[in-house]
Amino acid sequence: MLTLGTKKYNIIICTKEVKCVNLKAKYQYTHFIYPIIIERKKYSDFIESLLSQEKQWKFKINQQKNDESMYNFFLPYMRKFLFPTIFWSDYEIKQFKKMKWKNKVDLVSKLSCVEFEYDLQNIKMGTMDARRYGKIKFDISNIRLICFEPGICFIDIKAQIDDSSEFIEFDKILDFNHNFRSLTPRAVNRIKNKNIMHGNNINRIEDIAIFINSLVSSYETKDIEKIYYDKMFIYSYMCVHDWKKQSDFELLKNDFLKFQYVIDSANKSTYMSESKEIQDDMYSRWEYSMFGFSRESGVAFVSDEEKYNVTMLPYDFEKKYFYIMLLAFYQRLSLISFSQDLIKKDKTKIKDLNEDLTRFTHFSWFSQITNSDYGTCMWKRWKKAFELDELYEEVHKEYSEYYDSVVASGQDKINILLILLYTISVLFTGLQILTSFFNISASWVEPTVIILMIITIISYPVYASVRWLKHKFEKR
């Protein structure tokens, strides 16, 4: 059974087959992902601001030879969507570097997906105070910004615990992930201890949030309904040392779930691990590995008993499988954004919504992304975790109902106008007949009838033309 040992920070595993050992990790890393939505009209300006800071933010041009295994993992059209610059020839790369500034900004702004890497010269090492351990040293090894063309962006901060000992305490990993994910502009103010962070240019806990805010504050949407996250999404890998038998995982399952759902070590909750919802969030295809999927995290919990878990899986998890997760994450944010626009019921945006949904369906909604069986299973798991199929159907149903309502409302107005014109025409036609029958002189009647007939005939084309011009004006 799983019990607590005499030391507060230790987790003890006791079975008949093995001796009691402390659960420790041989290797770990975490990607802290902060999603943001850039205002549509400001997306080009946002890209320009990044390109202008080339000493801090380097625009990444993907090249097949640099990471061939990852690029070949995806189907060709997915490669083109996720890594559009991979198809640039050496000549095109040279031409891009020589481009006029405006042309360069326009080109990058229209790419389906772009990536910028941050120069880590100013931000690297740090420590986080923890009551149970004194300090948790960590190393920020990479910061990048990944944006999809409509303005759905992700700040990705990769960090690892820098422990001088051979193994890392499991509880340290739980507390580090739990605390670091709150370092965002919207969540940092709720942290009571403001002085737990130290390091190069991150001497205060607010500094990570300030770094994020300085990057996006002038461009991020202010629409509260579209703000999906106040904390960072966790994408974390942990290779544990003490998982010696496949059957031991049942004893570790509650700790795995705390790792998956980003719970701190002080939380003593016990999960109902047999519940269907929890089982749906877990996946394993081979021994000594378990993957977790949720709307707040994606984790790999593996044992160093399997060599692949130490050599290749760390690479695959943060390369191939990372982009599978990111694609699903992007689709979820896009669908939520569409849904919020529909809730506002702004009739002036019905045309834009139609174009955006059509474009999203044709270019960003994928059922097949790789020929890899394992990659396909991962993709299906993320679609399920993010409820993409349900969201997609819901958005299209909302749009169809709203569109029908707007069209019906417009048609009613046209019908009323036509009925009014027809009624007046009939009255004047009757008046013309009466004047002719009784030989009454009314020279103005006949021209009036003709004019009304002409107005009746051209009223609908004029109405349609006015609506079209109004839409074009609003679009500008």
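In this pair, F83 and Y71 present their aromatic rings perpendicular. The plane angle is above 60°, beyond the 30 to 60° band. In this pair, F317 and Y29 present their aromatic rings tilted. The plane angle is within the 30 to 60° band. Between F154 and F148, the two ring planes are perpendicular [angle over 60°; tilted spans 30° to 60°]. By the 30° and 60° cut-offs, the orientation of the rings of Y288 relative to W243 is perpendicular. W365 and F360 have tilted rings, their planes meeting at an angle from 30° to 60° on a 0 to 90° scale.
Electrostatic pairing of K397 and E394 does not count as a salt bridge here, judged by no charged N lying under 4.0 Å from a carboxylate O. Ion pairing between K24 and E166 fails under the 4.0 Å rule for side-chain N and carboxylate O. A salt bridge links E115 and R144; the closest N-O separation between the charged side-chain nitrogens and carboxylate oxygens is under 4.0 Å. Taking the charged nitrogens against the carboxylate oxygens, K244 and D248 have no contact shorter than 4.0 Å, which rules out a salt bridge.
Remark: K137 pairs with no residue by the salt bridge (charged side-chain N to carboxylate O under 4.0 Å, His left out) rule, at least two apart or across chains. For C153, the disulfide bond (SG atoms under 2.5 Å apart) test picks out C147, with sequence neighbours left out. Scanning for salt bridge (charged side-chain N to carboxylate O under 4.0 Å, His left out) contacts around R79 gives an empty result, with sequence neighbours left out. With sequence neighbours excluded, no residue forms a salt bridge (charged side-chain N to carboxylate O under 4.0 Å, His left out) with D304. Residues passing the salt bridge (charged side-chain N to carboxylate O under 4.0 Å, His left out) test with D281: none are found, sequence neighbours excluded. Remark: Y271 pairs with N254, L257, K258, Y261, I263, I278 by the side-chain contact (heavy atoms from CB on, under 4.5 Å) rule, at least two apart or across chains. In this view, E39 and K42, T221 satisfy the side-chain contact (heavy atoms from CB on, under 4.5 Å) rule, not counting sequence neighbours. Judged as a ring pair (Phe, Tyr, Trp, His ring centres under 6.0 Å), and not counting sequence neighbours, the contacts of Y308 are W286. Remark: H178 engages no residue in a ring pair (Phe, Tyr, Trp, His ring centres under 6.0 Å) (not counting sequence neighbours).
If you look at F59 and F96, their ring centroids are closer than 6.0 Å. Proximity of the aromatic rings of F249 and F256 is defined here by a centroid distance below 6.0 angstrom, and this criterion is met. Between F386 and F293, the gap from one ring centroid to the other reaches at least 6.0 Å.
Residues F329 and P35 come closest through the heavy atom pair CZ-CG, 3.9 Å. Pairing each heavy atom of Q279 with each of K253, the nearest pair is NE2-NZ, 3.6 Å. When every heavy atom of L335 is checked against every heavy atom of L388, the shortest pair comes out as CD1-O, 3.9 Å. Nearest heavy-atom pair across K26 and F167 is CA-CD2, 3.9 Å. Contact detail for Y43 and I38: the closest heavy-atom pair is CA-CG2, 3.8 Å. Residues T85 and N62 come closest through the heavy atom pair OG1-N, 2.9 Å.
Judged by distance alone, with hydrogens and angles left aside, the side-chain atoms of T184 form a donor-acceptor pair with the main-chain N or O of D230 at under 3.5 Å. Side-chain atoms of T370 come within 3.5 Å of backbone N or O of F73 as a donor-acceptor pair. With hydrogens and angles ignored, the 3.5 Å screen pairs a side-chain donor or acceptor of S49 with a backbone N or O of F46. Put simply, the side chain of E306 never gets that close to the backbone of S289: no donor and acceptor are under 3.5 Å apart. R181 places no side-chain N or O within donor-acceptor distance of the main-chain N or O of K231, the cut-off being under 3.5 Å. The main-chain N or O of S89 is found under 3.5 Å from a side-chain atom of E92 such that the two form a donor-acceptor pair. In this structure, D171 contributes its side chain and S265 its backbone to no donor-acceptor pair below 3.5 Å.
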* To do: Dump the intermediate steps for side chain to side chain donor-acceptor pair (under 3.5 Å) on S165 and D163, then the final yes or no.
  => CA-CA 5 Å; S165 58; D163 202 308; 2.6 Å; yes

* To do: List the steps, then state whether side chain to side chain contact (heavy atoms under 4.5 Å, CB included) holds for Q160 with Y27.
  => CA-CA 9 Å; Q160 298 165 273; Y27 177 73; 3.8 Å; yes

* CA sep, side-chain torsions, deciding dist, call: Y374, R285, side chain to side chain contact (heavy atoms under 4.5 Å, CB included) -> CA-CA 8 Å; Y374 194 68; R285 193 161 184 164; 3.1 Å; yes

* List the steps and the verdict of side chain to side chain donor-acceptor pair (under 3.5 Å) for T30 and Y237. => CA-CA 6 Å; T30 300; Y237 181 91; over 6 Å; no

* To do: For the pair S334 and S337, evaluate side chain to side chain donor-acceptor pair (under 3.5 Å) and give the outcome as yes or no after the intermediate values.
  => CA-CA 5 Å; S334 295; S337 180; over 6 Å; no

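Two residues are said to be in side-chain contact when any heavy atoms from C-beta on lie closer than 4.5 Å; L391 and F338 fail this criterion. Contact annotation: the side chain of L50 approaches that of L145 to within less than 4.5 Å [non-hydrogen atoms, C-beta and beyond]. Between R359 and E149 there is a side-chain heavy-atom pair separated by less than 4.5 Å. Between H31 and F322 there is a side-chain heavy-atom pair separated by less than 4.5 Å. Side-chain atoms of I93 and Q63, non-hydrogen and from C-beta on, do get closer than 4.5 Å to each other. Side-chain atoms of Y34 and I157, non-hydrogen and from C-beta on, never get closer than 4.5 Å to each other. Taking 4.5 Å as the limit, every side-chain heavy atom of F138 sits out of range of all side-chain heavy atoms of D162. When side chains are defined from C-beta on, P150 counts as touching Y330, because their heavy atoms get closer than 4.5 Å.
The salt bridge (charged side-chain N to carboxylate O under 4.0 Å, His left out) contacts involving residues 374-387 comprise R295-E387, K383-D389, where partners must be two or more places apart or lie in separate chains.
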Identify all side-chain donor-acceptor contacts of residues 99-114 below 3.5 Å with residues at least two apart in sequence or on another chain.
from	atom 1	to	atom 2	distance (Å)
W101	NE1	E48	OE2	2.8
K102	NZ	D106	OD2	3.0
S109	OG	V105	O	2.7
S112	OG	F81	O	2.6

Throw together a table of side-chain donor-acceptor distances under 3.5 angstrom for residues 211-219, partners on residues two or more places apart or in other chains.
from	atom 1	to	atom 2	distance (Å)
S214	OG	I210	O	3.2
S214	OG	F211	O	2.8
S217	OG	N213	O	2.9

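Taking a 6.0 Å sphere around CG of N267, one finds it holds more than 12 heavy atoms contributed by other residues, nucleotides or ligands. Environment of CD in Q53: crowded, with over 12 heavy atoms of neighbouring residues, nucleotides or ligands closer than 6.0 Å.
Atom CD of residue Q331 and atom CD1 of residue I336 lie 12.0 Å apart, to the nearest 0.5 angstrom.
Annotation: cation-pi geometry not satisfied between R332 and F233 (NZ/CZ under 6.0 angstrom from ring centroid, within 45° of ring axis).
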